[in-house]
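All values reported here derive from a predicted model rather than from experimental measurement. Chain identifiers are assigned alphabetically (A, B, ...) following the order of the sequence lines, protein sequences preceding nucleic acid strands; residue numbering begins at 1 within each chain.
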Protein chains: 2
Amino acid sequence: MTIKDIARMAGVSRATVSKILNNYTDVSEKTRRKVLQIVEETGYQPAFSAQTLSAKRTNLIGVIYAGNINADLTHPFFVEVVNAFKKQIGELGYDLLFFSNEKFRNSQENYLARCQYFRLDGCIIINGMDIETAITELDQSDLPCIGVDIQLTGKKSGFIMTDNRKASAIVVEHFYLAGYRSIAYISGQRDCDIGNARKEGYIQALNQFGISVREEWIQYGDYREQSGYEAMKHLLKQRPYPRAVYTASDLMAFGAIRAIKEAGLSVPDDVAVIGFDDIHACQYSDPTLTTIRQNKEKIGKLAAFMLFDLIKNQVQSSNVMVEPELVIRQSCGGRVE
Amino acid sequence: MTIKDIARMAGVSRATVSKILNNYTDVSEKTRRKVLQIVEETGYQPAFSAQTLSAKRTNLIGVIYAGNINADLTHPFFVEVVNAFKKQIGELGYDLLFFSNEKFRNSQENYLARCQYFRLDGCIIINGMDIETAITELDQSDLPCIGVDIQLTGKKSGFIMTDNRKASAIVVEHFYLAGYRSIAYISGQRDCDIGNARKEGYIQALNQFGISVREEWIQYGDYREQSGYEAMKHLLKQRPYPRAVYTASDLMAFGAIRAIKEAGLSVPDDVAVIGFDDIHACQYSDPTLTTIRQNKEKIGKLAAFMLFDLIKNQVQSSNVMVEPELVIRQSCGGRVE
DNA sequence: CTGAAAGCGCTTACAG
DNA sequence: CTGAAAGCGCTTACAG
C-alpha cells in the first residue's frame, strides 16, 4: 500500500495525496475529504524512509550518553531527566533514537556522522566521564544539540544543569543556621566539572560566612559508597574532626554514615550529614538522609523545549541553570556546637 | 557527498561502490582498495533513508512500554533489563528506537503501523498494566517481537521472564527452614499476571510443606509502599498474626516494616520480612531487606539473542524462564517459632 | 569482475 | 486547485 495506490483509488495524482497528508491548504475541500476517507479505510501509512529521503526532516532525536566511562540508561539521575525529556519531546512530535555505542566504540566514534546518517533533527547529550573529542565535533556542527550537565558552546547548541554552586550554598547555609561551623566536603573526582562547581560553591559559601576553608576537610571520592566511607575515615582521623559533612552524592553519604557508625559515633548527634541527589534509598536509610534534590522533571522538560526551539530556529544557543532544593530529613541534625 | 561522488572519484559505477560497501565478494581486490581508500579519505557515509528505502532492513529495533498505566523509562527493574538488552543488541549491530507514546496515544494507538512506518526489524515489548489490544495485533503480526514479563504467542514472537513460581518456592522454603510456619503473602493487584504467578507459587509451596493456606493471610496491594503498609496493618489485626511475611515488591516490604514498627514490634524478631526486586534501598534500609533478585542482566541479554534469532529466522518462537535468586539480609530472621 | 537501468515511495518546484 | 516530472540516494537483478 503506497501513495500511488491511494492516488489511484481516489482518482487523483500522488502529488495531491501528498499535499493533503502534509496539510497543504491549496486543495479543494471535496478532494481532501475523498482522499482522507480512503486513507482512513485502508489504514495507509507513508513510509518513513521515503519521506525522509525526499524531505529533509525525520522528527527523530538522538540520545547520546557521552564519555568513555559512560553513564548508561540505568543512571538514577539521568534516567529521570531523559524520561521527562522523552515525554515532552514526544508531545512535540518526536521519537527518540538511542545509539548503541558498542560496535561503534570499537571503530572511531563519530557521533556527527551517525547523526547525519540518520538525518536526525537534533540530539540530547548526557554528560559522562572522559568525554570524547567526537562530542566537540558534534557540538560545533550545525546540528541542534542540548547538553545535560555538559557545557556545549556551538552556535546551535545549548545546555542545562542544576545550579551546583547554589546547591552548595544552600547546604552550607543550612548547616550554618543549625549552628555548625566545622563543615567538611567530600567531592567527586578532581577532574569532574560538576563536582568542582559544587566544591567552589562550598568554598564560596564558607567564605561568605567567614568560616575559613581547611584543605584537609575537602576529600575526593568517586561518587560511590566505598569512596565516601574511606573519605570519612580520613576526616575522622583529624582532631578536631568536622561535625558536619556535605557529600557530592548520596551514595558517598551512605558510605560516610557507615564510617561514622563504625567509629562508634552517631548521625546526626556527633556528625551531621547532607548528601546530594535524593535517590530513593534516602527515604529508607537509617537515619533518613537529608539531601539536595535536583529538579529532574524540569531539566528534562526544559531540555525538550530548548532543543525544539533550536530546531525551529526560534532561538540562539541558550543555557539554563535550574534551582536545586534541600530535602530535610534526619541526618542533618540541628544542634549548636 | 553521495555514492555518486565516490563512484566518480574512484572511476567506477555506483553499483560497484555499493557492492564494496556491502561486502559483496565479486569485486576485484584492486577496485575494492581504491574505493575503500576514497571512502576513508572523504569520510563518506551512506544515507540511512536511501538504504532503507532501497533495501529492506533497517537494523533498528523498537522499544515499546506497553500498557496504559505504563511503566516508563525510570522503572527500576525494566531499566536494567533494557540496558542489558541495549548493550547486547548493540553488539549485534542494532540501534534502538523509543516510541514517544504521547501524541500517538491520543489517536488510536497502532503499534504495528508505527513499526511498519519505520520498517523496524523487530521489537521488544515491556509489560505494563492494562495492555492495549494494539499489542496483540503486533504480537500476531509477522514482525519479530520479544516480550519481557508478558506472554506473547505469535509465530514470530517469544517472551522471557523470571520464574515467579520458583521465586515464591524459594522464599517459602527459606522461611520454612528457618522454622517459620505462619507465612503471609502481600500480592500485587488481583489482575496482575506476575503477581498471580507469585501467589500461585506461594500457595503451591505451602501445600508442599503441608502448611494450610489461610485466605486472610493473602493481601493485595499495588506494589507501592503505602499499600504494603496498609496490608500489613490488616495482617497484624489478626490473631494470631503471621510471623513471616513475603511481599511481591520491596516497596511493599518497606511499607510492611513501617507498620510492624508502628505496632511496637520488631523486624525480624517479631515478624520476618522478605521482599521482591532487590532495589537499591534494600541495602540501606533498617533492617536491611532480604529479597528476591531477578537476573536482569541475563533477561536483557537473552531477550537480545532471542530477538536476533527470530529476525534471522534461525528459530521458532521461544520462551524462557530465568532463575531468581534469594539475597539474604537482616529482615528475614532465622529463629524457630 | 563491472556497469546501465530500474526501482524503492515519497516531496517539491513548476506549469497549467 | 491539480498533475506531470524530476529528484532524493541508495540497492539489485541482469547483461555483458
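A/Y24 comes within 4.0 angstrom of sugar-phosphate atoms only, judged by non-hydrogen atoms across all strands, and of no base. A/R32 comes within 4.0 angstrom of nothing in the nucleic acid, heavy atoms only. At the heavy-atom level, A/Y44 lies under 4.0 Å from the strands shown only through sugar-phosphate atoms. Within the 4.0 angstrom heavy-atom criterion, only backbone atoms of the sugar-phosphate kind lie near A/A47; the bases stay farther away. Among the atoms of the strands shown, none is found under 4.0 Å from any heavy atom of A/T52. No contact: B/S49 has no heavy atom under 4.0 Å from any strand.
More than 12 heavy atoms of other residues, nucleotides or ligands lie within 6.0 Å of NZ in B/K155, so this atom counts as buried by the packing criterion.
Taking the six-membered ring where the residue is Trp, A/F77 and A/H75 present perpendicular rings, their angle passing 60° and hence far from 30°.
Nearer to the 5' terminus of DNA chain C, by closest-nucleotide assignment, is the contact made by B/V27 (compared with the other of B/S54 and B/V27).
With 3.5 Å as the limit, one finds no donor-acceptor pair spanning the side chains of A/E323 and A/T162. A/Y117 and B/Q51 share a side-chain donor-acceptor pair at under 3.5 Å. A/T31 and A/S28 are linked by a side-chain donor-acceptor pair at a separation below 3.5 angstrom, with hydrogens and angles left out of the test.
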- request: State the dot-bracket string of DNA chain C. Criteria: Watson-Crick or G-U wobble, both atom distances under 3.5 angstrom; notation: ( ) intrastrand, [ ] crossing earlier pairs, | interstrand, . unpaired.
  value: |||.||||||||.|||
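Electrostatic pairing of B/R114 and A/D95 counts as a salt bridge here, judged by a charged N lying under 4.0 Å from a carboxylate O.
When DNA chain D is scanned in the 5' to 3' direction for atoms under 4.0 Å from non-hydrogen atoms of chain A, the outermost contacting nucleotides are D/dC1 to D/dG9.
Here the CG atom belonging to A/L96 is positioned 7.5 Å from the CD1 atom belonging to A/I61, to the nearest 0.5 angstrom.
The salt bridge (charged side-chain N to carboxylate O under 4.0 Å, His left out) pairs that include a residue from residues 294-318 of chain A number zero, where partners must be two or more places apart or lie in different chains.
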